[in-house]
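One structure is given below, encoded as structure tokens.
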Amino acid sequence: MQPLLIYNTLTHQKELFKPLTADHVGMYVCGPTVYGDGHLGHARPAITFDILFRYLQHIGYKVRYVRNITDVGHLEHDADDGEDKIAKKARIEQLEPMEVAQYYTNRYHVAMDRLNVLRPSIEPHASGHILEQIELVQALLDKGFAYESNGSVYFDVRKYHEATKKYGILSGRVMDEMLSTTRELDGQSEKRETQDFALWKKASPEHIMRWNSPWSVGFPGWHTECTAMGTKYLGETFDIHGGGMDLMFPHHESEIAQQTALTGHGPCRYWMHNNMITINGQKMGKSLGNFITLDEFFTGSHALLAQAYSPMTIRFFILQAHYRSTVDFSNEALQAAEKGYYRLMQAYKTLKNLAASKSSSIAVNDYMQKCYDAMNDDMNTPIVISHLFEMAKVINTVNDKKATLTQDDIDAMKVVFDTFVFGVMGLKDESSVDNSALIDGLMSMVLEMRATAKANKDWATSDKIRDALSALGVTVKDGKDGAVWEIR
RNA sequence: GGUCGUUUGGCCGAGUGGCUAGGCUCAGGUCUGCAAAACCUGCUACUCCGGUUCGAAUCCGGAAGCGACCUCCA
């Protein structure tokens, strides 16, 4: 088993990964809220943890990867009334809420498939786990870390923090100070403290998504779904919890609080957070209105895009930066990624047809181990890619007959490409997809050249073209109005 | 105001106390009927100010810029 170091947000350092159960890994990643199309920001965590998922499996772990679909209970930050995002959108569009959720879930899946993001082992829906969430809320009430107020239930942050001194351990928030300086809430609020968060919300009359509970007809709070579903499918403690950095507070901090209040310990051992994608230096996000959807990238249909960018270009672009760094979007950077990706794919094709020699004139370093080393160092995909480019240079040099490689060395390089480019990093060659339009174009061009030859009575050339096409399985039929062709 | 993070060459983006990251762009060259590709060469950086050190972009302290989250509201 490879010694994998991963950066743990909880301890602020890289730690050697050791699973709770030998050879098995339980991993939970916060998935999308399905109330809109996925944008580039959604691709980052999906791809980041897809790499981790692939790599853990590659080095021999059996992985259960849980990534949820948030289809209820994610409250809108800028909403006046705490209305559920799904419900709001649904009412505007006059659709059943679940219809909206399903629609965007389907579209999310298509986009992820195109990005070659593997489906997780379990993809639980929050709406399918209302009972588990109610049980969670009840357990917190029983433990005394939550209180009911007017049909809603809130987590008692002050009580929790005084008992454990742990609210803020992930995000670095200084709770002692926040709690002592908090001013009194006015009588209108249901909450005792401003930082208390909702576990269960009583539904307002116009709120469409609602479920029965011991406290009111309502819906679960923002943070309960991940705790409930993570516990259900991965246990009281699991190995890795991932998500975007923007979820660190309050979402993940609150997950820790909920689990710690119940069990005395947090939900997982390693917290991993991917950084944001920025556009002109600003976070790309739904709420900021500056996002570009994945479909828009694939088709180039957005004012900021100079051209369309293929799914693999997007994937490569994201992998060229370390997952904990911010990445700024720009056409220039994307075009550079596109060219670099093409160069890598070309090198692989060249490698497959490379002629072997009796000896290698250049030392083929241990690229395999170098790539493992880079991956083991907190998933340093940029370094993996740099090694692959070095290999590309070697391949091209040999192809130019300026160096030689033995068959063993060539085979070894193929294994590295297969393992890291296509396996671990999940890239794939896009060039061979649907080229019927290309064939049509090529055929009309070839037949036009043949027509020119015929017009010049250059029968040798025109026959040579017809025979060559025939050998490829293409029949040319000369008619009055020119030639037509068909593939036998 | 708080917390976390970040500041590298024309652009993107890694990184270790001393030794070439890599990609893209640009210029010159090899090759080539032309072009493209490939290869070679060049341009060459580490926000600022102090400190530690024989030596720091890399460690420590300070400042500034930038970003995310929070501080208001569920």
Side-chain angles (χ1 to χ4, degrees), chain A residues 7 9 12 41 73-85 152 154 168-178 181-183 185-186 188-191 194-202 204 207 218-219 221-223 244-253 273-285 287-288 316-322 324-344 346-347 349-350 370 374 377-378 380-403:
Chain A
Y7 184 88
T9 313
H12 307 287
H74 197 133
L75 299 178
E76 206 161 27
H77 296 274
D78 53 356
D80 306 312
D81 50 3
E83 185 177 24
D84 193 280
K85 279 180 176 174
S152 293
Y154 293 93
I169 54 167
L170 180 68
S171 57
R173 295 287 187 288
V174 187
M175 272 303 138
D176 290 318
E177 200 173 300
M178 281 176 70
T181 57
T182 300
R183 59 178 170 73
L185 289 164
D186 58 43
Q188 305 289 56
S189 176
E190 296 174 345
K191 298 199 294 185
T194 52
Q195 47 277 105
D196 290 351
F197 55 87
L199 296 169
W200 185 266
K201 282 289 287 180
K202 180 179 172 181
S204 51
H207 197 98
F219 53 95
W222 184 9
H223 315 300
M245 269 184 186
D246 54 340
L247 296 178
M248 236 162 72
F249 189 90
H251 186 51
H252 293 159
E253 192 71 63
H273 292 94
N274 63 274
N275 215 318
M276 302 291 102
I277 287 180
T278 59
I279 180 160
N280 296 325
Q282 265 209 319
K283 177 186 170 184
M284 179 180 283
S287 57
L288 292 166
F316 190 72
F317 172 66
I318 287 174
L319 293 179
Q320 268 193 308
H322 187 87
R324 284 189 288 112
S325 303
T326 54
V327 180
D328 196 49
F329 154 85
S330 73
N331 280 293
E332 205 178 2
L334 242 7
Q335 283 161 0
E338 184 178 57
K339 286 184 185 173
Y341 174 66
Y342 178 76
R343 180 177 161 85
L344 217 50
Q346 287 305 116
K349 286 178 190 167
T350 304
K370 281 182 170 178
D377 185 15
D378 195 29
N380 200 328
T381 52
I383 293 294
V384 174
I385 290 170
S386 78
H387 293 318
L388 294 168
F389 276 120
E390 282 172 24
M391 291 170 67
K393 183 165 279 191
V394 170
I395 291 165
N396 288 328
T397 303
V398 172
N399 192 48
D400 281 359
K401 308 277 190 281
K402 288 172 182 162

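- The interatomic distance linking A/D246 (CG) with B/A68 (P) rounds to 10 Å, in whole Å.
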Show the distances under 3.5 angstrom between N or O atoms of the protein and N or O atoms of nucleotides 3-9 of chain B.
residue	atom	partner	partner atom	Å
B/U3	O2'	A/S171	O	2.4
B/U3	O2'	A/G172	O	3.4

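- Here the C1' atom of nucleotide B/A74 and the CZ atom of A/F249 are 14 Å apart, to the nearest Å.
- Atom CG of A/D196 is separated from atom P of B/A74 by 11 Å (rounded to the nearest Å).
- By the side-chain hydrogen bond (donor to acceptor under 3.5 Å, both in side chains) test, A/D377 pairs with A/K14, sequence neighbours left out.
- For the side chain to side chain contact (heavy atoms under 4.5 Å, CB included) test, no residue two or more places apart in sequence or in another chain qualifies with A/K339.
- The backbone N or O of A/A403 sits nowhere less than 3.5 Å from a side-chain atom of A/T397 that would complete a donor-acceptor pair.
- Listed by chain and residue number, nothing satisfies the ring-ring contact (aromatic ring centres under 6.0 Å, His included) test with A/Y7 (two or more places apart in sequence, or in another chain).
- We find that CD of A/E190 is positioned 14 Å from P of B/C73, with the value rounded to whole Å.
- The side chain of A/T194 sits closest to B/C72 out of B/C72, B/A74, B/G13.
- For A/H251, the ring-ring contact (aromatic ring centres under 6.0 Å, His included) partners are A/W222, A/H223, not counting sequence neighbours.
- Rounded to a whole Å, the CD1 atom of A/I279 is 17 Å from the C1' atom of B/C66.
- Listed by chain and number, the residues in a side-chain hydrogen bond (donor to acceptor under 3.5 Å, both in side chains) with A/R343 amount to none (sequence neighbours excluded).
- The same atom, C1', is picked in B/G9 and in B/A45; the two are 4 Å apart, to the nearest Å.
- Partners of A/A333 by side chain to side chain contact (heavy atoms under 4.5 Å, CB included), not counting sequence neighbours, listed by chain and number: A/F317, A/S330.
- Between the P atom of B/U71 and the CZ atom of A/F197 lies a distance of 14 Å, rounded to the nearest Å.
- Residue-level contact check: A/N399 touches neither bases nor backbone, having no heavy atom under 4.0 Å from any strand.
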Walk along nucleotides 21-42 of chain B from 5' to 3' and tag each nucleotide B, S or - by protein heavy-atom contact under 4.0 Å, base first, then sugar-phosphate. BSSSS------------BSS--

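- One atom, CG of A/D328, and another, C1' of B/A14, lie 17 Å apart when rounded to the nearest Å.
- The side chain to side chain contact (heavy atoms under 4.5 Å, CB included) test applied to A/D328 returns A/T278, not counting sequence neighbours.
- Put simply, the side chain of A/V398 does not reach to within 4.5 Å of the side chain of A/T350, judged on heavy atoms.
- Counting to the nearest Å, the C1' atom of B/A14 and the CG atom of A/D378 are 13 Å from each other.
- Using atom C1' as the reference point in both B/C72 and B/U53, the two lie 50 Å apart (nearest Å).
- In this structure A/S152 satisfies the side chain to side chain contact (heavy atoms under 4.5 Å, CB included) test together with A/Y154, A/E190, A/K201, A/K202, sequence neighbours excluded.
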Under a 3.5 Å cutoff on both atom distances, Watson-Crick or G-U, what's the dot-bracket for RNA chain B ([ ] crossing, | other strand)? (((((((..(((.....[...))).(((((.......)))))....(((((..]....))))))))))))....

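- Among the heavy atoms of the strands, none lies under 4.0 Å from A/T350.
- In this structure, A/F389 places its CZ atom where more than 12 heavy-atom neighbours from other residues, nucleotides or ligands lie under 6.0 Å away.
- Across the C1' atoms, B/A56 and B/C46 are found 11 Å apart, a figure rounded to whole Å.
- Judged as a salt bridge (Lys or Arg N to Asp or Glu O under 4.0 Å), and not counting sequence neighbours, the contacts of A/D378 are A/R324.
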